[in-house]
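Working notes, structure below.
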Number of protein chains: 2
Amino acid sequence: MPSPIVITNNIRKLRFFANEMTQQELAEKAGASRQTIIAIEAGKYSPSLEMAFRIADAFGVSITEVFAHEVKEK
Amino acid sequence: MPSPIVITNNIRKLRFFANEMTQQELAEKAGASRQTIIAIEAGKYSPSLEMAFRIADAFGVSITEVFAHEVKEK
DNA sequence: ACAATATGTACAATATACTTGACATTTTGT
DNA sequence: ACAAAATGTCAAGTATATTGTACATATTGT
């Protein structure tokens, strides 16, 4: 049984730091749909590694500055 | 059109650094199937962010030490 | 040479991410 | 109060990751 993992993100904070970037703008920069940004930002599901890199690139930061994870010990 | 991204990894190198860890062992530590490890290590597809974190954890390193990416400019 | 272990391939089935489109709610500015 | 922009939700469809099974090839040790 894989120990479940909880992935968190600070997309919201990063958007505000980045001159109040809107979800729409982020979506365009990251090459994703707005729905995808909403869902990931809200933590509804975790992105693919590719999408994670794209989002980090959109902000010009490392992927580790956008996403963090905790291991839920069994 | 989202600019395509190429994701590379050094799972193979990390396995050998990590006391010759086998794909099977890595799969168990990361909570994945052996198929998944083979496919990701061979670059057949890029993993989910969750799986990427699990693999990094299995080696005890940061996700950025396992995966890198290049942006294929259009 | 043989057995055991490790790695690789192929395929179908399932789970999850991502998309599009349409509509509801909230926030912001005038 | 009103309009516009931003955020959020729902659902159906497509794309991609992950799994299990089974078999093939390579590597290692005796």
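Quick note on labels: first sequence line is chain A, next is B, and so on, each numbered from 1.
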*Nearest non-hydrogen partners of Ser46(B) and Ile7(B), listed with the distance*: CB-CD1, 3.8 Å

*Taking all atoms of both residues into account, what is the closest heavy-atom pair of Ile63(A) and Ile63(B), and its distance?*
CG2-CG2, 3.9 Å

*Sole candidate of Ile11(B), Leu14(B), Asn9(B), Val61(B) that passes side chain to side chain contact (heavy atoms under 4.5 Å, CB included) when paired with Ile55(B)*: Ile11(B)

*asked:* Hydrophobic clustering (ILVMFWY, side-chain heavy atoms < 4.5 Å, transitive) - are Val71(A) and Leu26(B) grouped together?
replied: yes

*What pairs meet the salt bridge (Lys or Arg N to Asp or Glu O under 4.0 Å) rule with one or both residues in residues 43-55 of chain B, with sequence neighbours excluded?*
Glu50(B)-Arg54(B)

*asked:* Strictly by salt bridge (Lys or Arg N to Asp or Glu O under 4.0 Å), give each pair with a member in residues 15-39 of chain B just once, sequence neighbours left out.
replied: Arg15(B)-Glu41(B)

*Qualifying ring-ring contact (aromatic ring centres under 6.0 Å, His included) pairs, either residue in residues 18-56 of chain B, two or more places apart*: His69(A)-Phe53(B)

*Hey, could you give me each pair passing ring-ring contact (aromatic ring centres under 6.0 Å, His included) that has a residue in residues 12-42 of chain B? Not counting sequence neighbours.*
none

*asked:* Less than 4.5 Å apart, side chain to side chain, heavy atoms only: is that true for Ile40(A) and Met51(A)?
replied: yes

*Within a strict 4.5 Å, meaning less than it, do heavy atoms of the Phe67(B) and Pro47(B) side chains meet?*
yes

_Residue list, side chain to side chain contact (heavy atoms under 4.5 Å, CB included) with Ser62(A), at least two apart or on another chain_ = Thr64(A), Glu65(A), Thr64(B)

*Contacts of type side chain to side chain contact (heavy atoms under 4.5 Å, CB included), residue Ala18(A), not counting sequence neighbours*: Met21(A), Phe59(A)

*Considering only heavy atoms of chain B and a distance under 4.0 Å, specify the first and last nucleotide of DNA chain C in 5' to 3' order that meet this criterion.*
dA6(C) to dA10(C)

*Enumerate the residues from residues 37-64 of chain B whose closest heavy atom to DNA chain C is under 4.0 Å, giving them by residue number; use none for an empty result.*
Ile38(B), Lys44(B)

*Just jot down the side-chain hydrogen bond (donor to acceptor under 3.5 Å, both in side chains) partners of Ser33(B), sequence neighbours excluded, or say none.*
Thr36(B)

*Where along residues 9-26 of chain B does a heavy atom come under 4.0 Å from DNA chain D, residue by residue in number order?*
none

*Between the axis at one end of the helix from dA1(C)-dT30(D) to dT30(C)-dA1(D) and the axis at the other (five pairs apiece), what's the angle to 10 degrees?*
60°

*To the nearest 0.5 Å, how far apart are CD1 in Ile5(B) and OG1 in Thr8(B)?*
10.5 Å

*asked:* Measuring from atom CD of Gln24(A) to atom CD1 of Ile38(A), what distance do you get when rounded to the nearest 0.5 angstrom?
replied: 9.0 Å

Could you go through nucleotides 23-28 of chain D and list every protein N or O atom that sits under 3.5 Å from one of its N or O atoms, giving the distance for each pair?
none

